[in-house]
Amino acid sequence: MSEVTAIPAYQAPKARSLFEPHRIFLMVLFAIILLSMAWFMRWDWIPRYQTRLLWGIWETIVMLFSTAIAGFILAVPLGLVQVTGPKPLAWLARGFCTLIRGTPLLLQLWLLYYGLGSLFAQYPEIRQSFLWPYLRQAWPYGFAALTISFAAYEGEVMRGAFAGVPKGELEAAKAYGMGRFTMFRRIWLPRAIQRTLPTLTGETVIQLKSTPLVATVTVVDVYAVISKVRQDTFLTYEPLLLLAAIYLILTGILVFSFRQLEKRIPNRGV
């Protein structure tokens with residue numbers, strides 16, 4: 001009888017040291033760049049615009065999370081109906097996702113704001129309704145455009161996630177006596193969301209970088225505040241560098257938060 005060779009247990013690689021030569025060089029280079037920016041560039045305008053900047057950052061965060069949450073809520077039925085049918089609804093959902101993903105977000109935003117917004121203003125019934133104080137503003141159209149865009153992209157992701165959940169788990173839930181809604185709530189949807197978390201992170205970061213487009217329809221986010229700073233101070237690099245730092249920090253917080261969420265959810269395999 002041939003001997004059975006034992007396979008050693010997997011050991012995770014050791015974490016690399018932070019003080020490796022190339023990392024030390026990059027940290028020193030980054031520190032030199034920061035010191036040069038602080039010493040040679042003008043930052044005396046920040047106290048004057050501090051309140052506006054904080055308000056713009058808050059508007060950006062609110063726009064990001066509100067549209068991402070609303071878009072994800074819409075993405076769930078968009079993805080589910082493409083997997084379960086009926087076929088007419090599946091075709092409509094697939095056509096919606098294809099249309100939105102195939103056209104620029106800026107075009108969609110302008111069509112909503114300049115097209116639909118101008119159309120609403122032509123009807124006295126709408127102008128005299130309780131909705132007019134909101135419909136005459138720009139943020140509802142920015143919210144709608146970002147929400148629809150996120151829903152279309154994430155809807156395709158959810159379609160693949162729903163289709164990729166192992167059928168054995170769903171059949172086991174049926175054999176256990178679960179109803180369709182209970183099975184969807186306790187098995188199918190959680191497993192689909194678990195599979196989409198890495199992609200959802202990227203989509204949310206892309207959504208953050210899409211929020212500056214709402215400034216083109218007069219929504220005052222952090223990008224609009226920075227544009228105002230550039231017009232008032234005639235500075236170019238300093239406001240843009242600050243804007244880049246703000247988005248970089250927000251992106252880092254988003255990525256870190258999603259990674260912590262992924263660690264808290266047990267990975268049971270595909």
| Less than 4.5 Å apart, any side-chain heavy atom of I226 and any of L53? | yes
| request: Identify the heavy atoms of A224 and V219 that sit nearest to each other, and give their distance. | output: CB-O, 3.8 Å
| field | Worked check of side-chain contact (heavy atoms from CB on, under 4.5 Å) between L111 and L107 | value | CA-CA 6 Å; L111 284 175; L107 175 62; 4.2 Å; yes
| query | For the atom pair OG1 (T201) and CZ (F258), what is the distance rounded to the nearest 0.5 Å? | reply | 5.0 Å
| said: For a quick test of reading the model, state the closest non-hydrogen atom pair linking F162 to V76 and the distance between them. | reply: CE1-O, 3.6 Å
| With a cut-off of 6.0 Å (strictly less than), are more than 12 heavy atoms of other residues, nucleotides or ligands near CH2 of W110? | no
| field | Residues, nucleotides or ligands: over 12 heavy atoms within 6.0 Å of Y237 OH | value | no
| message | Let me check something: do F96 and L112 share a hydrophobic cluster, defined by ILVMFWY side-chain heavy atoms less than 4.5 Å apart, either directly or through other members? | response | no
| task | Check the pair L78 / R94 against side-chain contact (heavy atoms from CB on, under 4.5 Å), numbers first and verdict last. | result | CA-CA 8 Å; L78 282 173; R94 191 174 298 114; over 6 Å; no
| query | With side chains defined as the heavy atoms from C-beta onward, is the minimum distance between T218 and Y113 less than 4.5 Å? | reply | yes
| message | Quick check: is L109 connected to F120 through a chain of hydrophobic side chains (ILVMFWY, heavy atoms under 4.5 Å apart)? | response | yes
| note | To the nearest 0.5 Å, atom OG1 of T60 lies from atom CZ of F65 at 11.5 Å
| message | Grouping I, L, V, M, F, W and Y whenever their side-chain heavy atoms are under 4.5 Å apart, do L213 and L116 come out in a common cluster? | response | yes
| query | Any luck finding a side-chain donor-acceptor pair between S149 and Q108 under 3.5 Å? | reply | no
| said: Nearest 0.5 Å, please: how far is CZ in R136 from CG in L131? | reply: 13.5 Å
| remark: Rounding to 0.5 Å, atoms CD (E59) and CG (L54) come to a distance of 12.5 Å
| message | Angle between ring planes, F184 versus W188, binned at 30° and 60°: parallel, tilted or perpendicular? | response | perpendicular
| request: Please tell me if the side chains of P124 and R127 come closer than 4.5 Å, counting only heavy atoms from C-beta onward. | output: yes
| request: Kindly indicate whether the side chain of I253, heavy atoms from C-beta on, has any atom under 4.5 Å from the side chain of F256. | output: no
| said: If you count heavy atoms of other groups shown closer than 6.0 angstrom to CZ of R186, is the number above 12? | reply: no
| field | Salt-bridge contact E171-K174 (side-chain N to carboxylate O under 4.0 Å) | value | no
| said: In this structure, would Y49 and I61 fall into the same cluster of hydrophobic residues linked by side-chain contacts under 4.5 Å? | reply: yes
| Taking the side chain as C-beta and beyond, is there a heavy-atom pair between R185 and P190 under 4.5 Å? | no
| Run the side-chain contact (heavy atoms from CB on, under 4.5 Å) check on T67 and F150 step by step: do they pass? | CA-CA 7 Å; T67 57; F150 191 89; 5.9 Å; no
| query | Would you say V81 and V157 are hydrophobically clustered, going by side-chain heavy atoms of ILVMFWY under 4.5 Å? | reply | no
| Heavy-atom side-chain contact between S36 and I32 under 4.5 Å | yes
| message | Can you confirm whether R52 is buried at CZ, in the sense that more than 12 heavy atoms of other residues, nucleotides or ligands lie under 6.0 Å from that atom? | response | no
| remark: On a heavy-atom basis, the closest approach of L235 and R42 is CD2-NH1, 4.1 Å
| side-chain contact (heavy atoms from CB on, under 4.5 Å) between R48 and T233, intermediate numbers included | CA-CA 11 Å; R48 286 184 292 159; T233 62; 3.9 Å; yes
| message | To the closest 0.5 Å, what do you measure between CD (Q82) and CG (L92)? | response | 10.5 Å
| query | Side chains of L243 and V222: does their closest heavy-atom pair fall under 4.5 Å? | reply | yes
| remark: Taking every heavy atom of L208 against every heavy atom of Y247, the minimum-distance pair comes out as O-CE2, 3.8 Å
| query | Within the side chain of E203, is there an N or O that forms a donor-acceptor pair under 3.5 Å with the backbone of Y153? | reply | no
| said: On a heavy-atom basis, which atom in A75 and which in M158 lie closest, and how many Å separate them? | reply: O-CB, 3.9 Å
| field | Donor-acceptor contact below 3.5 Å, side chain Q137 vs main chain P133 | value | yes
| said: Does atom CH2 (W45) have a neighbourhood of more than 12 heavy atoms from anything else shown, all under 6.0 Å? | reply: yes
| field | Short side-chain to backbone donor-acceptor contact, T182 and M178, under 3.5 Å | value | no
| message | For the CG atom of L146 and the CG atom of L64, what is their distance to the nearest 0.5 Å? | response | 9.0 Å
| Check: S129 side chain, I126 main-chain N or O, donor-acceptor pair, under 3.5 Å | yes
| query | Does a sphere of radius 6.0 Å around CH2 in W58 hold more than 12 heavy atoms from other residues, nucleotides or ligands, not counting ones at 6.0 Å or beyond? | reply | no
| remark: Between A192 and A161, the two heavy atoms sitting closest are O-CB, 3.5 Å
| query | Tell me, do L242 and W43 make a side-chain contact under 4.5 Å, heavy atoms counted? | reply | yes
